[in-house]
Amino acid sequence: MDERATRARRRTGAYRRVAERSNAGDAAGQVLELTVGNPAHGGSCVARHGELVVFVRHALPGEEVRARVTEGKVGDRFWRADAIEVLVASPDRVAPACEYAGPGGCGGCDWQHADLAAQRRIKAQVLAEQLHRLAGLDVECEVEALPGAADGSGWRTRVRFAVDAAGRAGLRRHRSHEVVPIAGCFIAHPDVAATGVLRSRWTQTAEVQVTVAGSGERAVVVRAAENPRGVRAQPSAEPLPDPETTVLGYWPPGVSAAERVVETVLGRSYAVPAGGFWQVHPQAAQTLVEAVRAVLDPHPGDVLLDLYSGVGLFAGALASAVAPGGEVHAVESDAAAVAAARDNLLGIAGVSVVADRVDRALADGLPVASLVVLDPPRSGAGREVVEAVAARGPRRIAYVACDPATLARDLRIFADCGYRLTSLRAFDLFPHTHHLEALAGLEPA
């Protein structure tokens, strides 16, 4: 019997012995010897321990590792584990650049132990697998790199730090509320650390969000902790952040519409709520605008629906392409984003901002449109929205997605409604994490 077969036999026997000891025992802490298979959605790889599936973090396809179980009970369909020792390494493996990456550390980066090219291949494989499994599509996928540091560092311009009981800012462990205090973040923009947030001790504080805008503005938004009586106290930091940084109080209920930073894309400026949504990679917004424009190919007189429009990025960038005679209807439900969008799009002929949920706005009579761009949250658009979009019969749809699984689900619904996938691009907007951004182009079948 060769060595690999011997190891497999030992693993199967070990699993059977564990199963015999208990039908509901906690498996956390057990150390397993595993042969690692394909990557899985979410930043892990799939391995098998006997008949049991194990999702292993900090491993790479083809490796043999010793992994400590982090979640799972005997009788579960799958366990989760962390690779704590690499027995046979992948040629794609590198040493993580960040001291907080790795088993038991910060949960923010999933793939720092793989070189950047391998990371993009893994993301492409995950995207292709989700499209095949959930949408029945066999598509060649490539994840495109964006301009930035050669080592994939320094791109994250918006970071939300948790605060531990000692008042130290940090990031949470993977699938945990436990805070890992940090002195710096490898993927954060250098100006995030320059705010002084990580050097401060925060009192009465639950979270601290740092925003570094393309304009050079730096803003800190603080969420206060509740004391045992449920009374929200005024948060503070000692020492205070850098004097050039604006501290904007705390949320919820949320930053006001006046508390904004400025971003510029293709010559147009956008005011963005400091605690609100904007793409975190400095090159992301321009990259997506140019890609969406190429998919839609807008012409004068077109009617465009910009769904989940945020502060009006796509509406502002595409309005001139449908003029003269065209219309753009931007739909957003977040109050602060709507207020910013109305300011950002003020004075552009043919542009309107609808303050409502997308599903309700579509049901309440948004006009028939020749073009649609939708950029939903991670949960995707869903059946009701997809069917309402398709019912309007647009000639082209651009679907921007940050989650491969929900994108695949919605593409299947679009197919059921008579729309076919005509193009697919994916972008590595989030190096060292498992996240990617995809852009699907659709046309009537």
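The residues of the chain are indexed from 1 along the displayed sequence.
Between Asp306 and Val331 there is no side-chain heavy-atom pair separated by less than 4.5 Å. Put simply, the side chain of Tyr419 reaches to within 4.5 Å of the side chain of Pro394, judged on heavy atoms. Put simply, the side chain of His132 does not reach to within 4.5 Å of the side chain of Leu137, judged on heavy atoms. Looking only at side-chain heavy atoms (C-beta outward), Glu384 and Val389 stay at 4.5 Å or farther from each other. Using a 4.5 Å heavy-atom threshold, the side chains of Trp79 and Leu52 count as touching. The closest side-chain heavy-atom distance from Leu146 to His281 is below 4.5 Å. Using a 4.5 Å heavy-atom threshold, the side chains of Val400 and Phe314 count as touching. Here the side chains of Pro298 and Arg293 are in contact, with some heavy-atom distance below 4.5 Å.
Of the possible donor and acceptor atoms, none in the side chain of Thr205 sits under 3.5 Å from a partner among the backbone N and O of Glu207. A donor-acceptor pair under 3.5 Å links the side-chain atoms of Gln112 to the main chain of Ala97, judged by distance alone. At distances below 3.5 Å, at least one donor-acceptor pair connects side-chain atoms of Arg392 with backbone N or O atoms of Ala388. When atom types are taken as modelled, the side chain of Asp164 and the backbone of Arg168 share a donor-acceptor pair closer than 3.5 angstrom. Panel note: side chain Glu63, backbone Val65; no donor-acceptor pair is recorded below 3.5 Å. Under the 3.5 Å distance criterion, the side-chain polar atoms of Asp410 are matched with a main-chain donor or acceptor of Ala381. One N or O on the side chain of Ser90 and one on the backbone of Asp92 form a donor-acceptor pair closer than 3.5 Å. With His113 contributing its side chain and Ala59 its backbone, the two residues share a donor-acceptor pair below 3.5 Å. Put simply, the side chain of Thr35 never gets that close to the backbone of Glu64: no donor and acceptor are under 3.5 Å apart. When atom types are taken as modelled, the side chain of Asp82 and the backbone of Ile84 share no donor-acceptor pair closer than 3.5 angstrom.
More than 12 heavy atoms of other residues, nucleotides or ligands sit less than 6.0 Å from atom CZ of Arg93. Annotation: Arg378, atom CZ; neighbour count of heavy atoms from other residues, nucleotides and ligands within 6.0 Å is above 12.
The aromatic rings of Tyr270 and Trp278 sit tilted relative to each other, their planes meeting at an angle between 30° and 60°.
Between the side chains of His432 and Gln119, a donor-acceptor pair is found at a separation under 3.5 Å. If you check the side chains of His41 and Asp403, you find a donor sitting under 3.5 Å from an acceptor.
The two residues Gly380 and Tyr399 make their nearest non-hydrogen contact at CA-OH, 3.7 Å. The two residues Leu134 and Ala405 have their closest heavy-atom pair at CD1-O, 3.5 Å.
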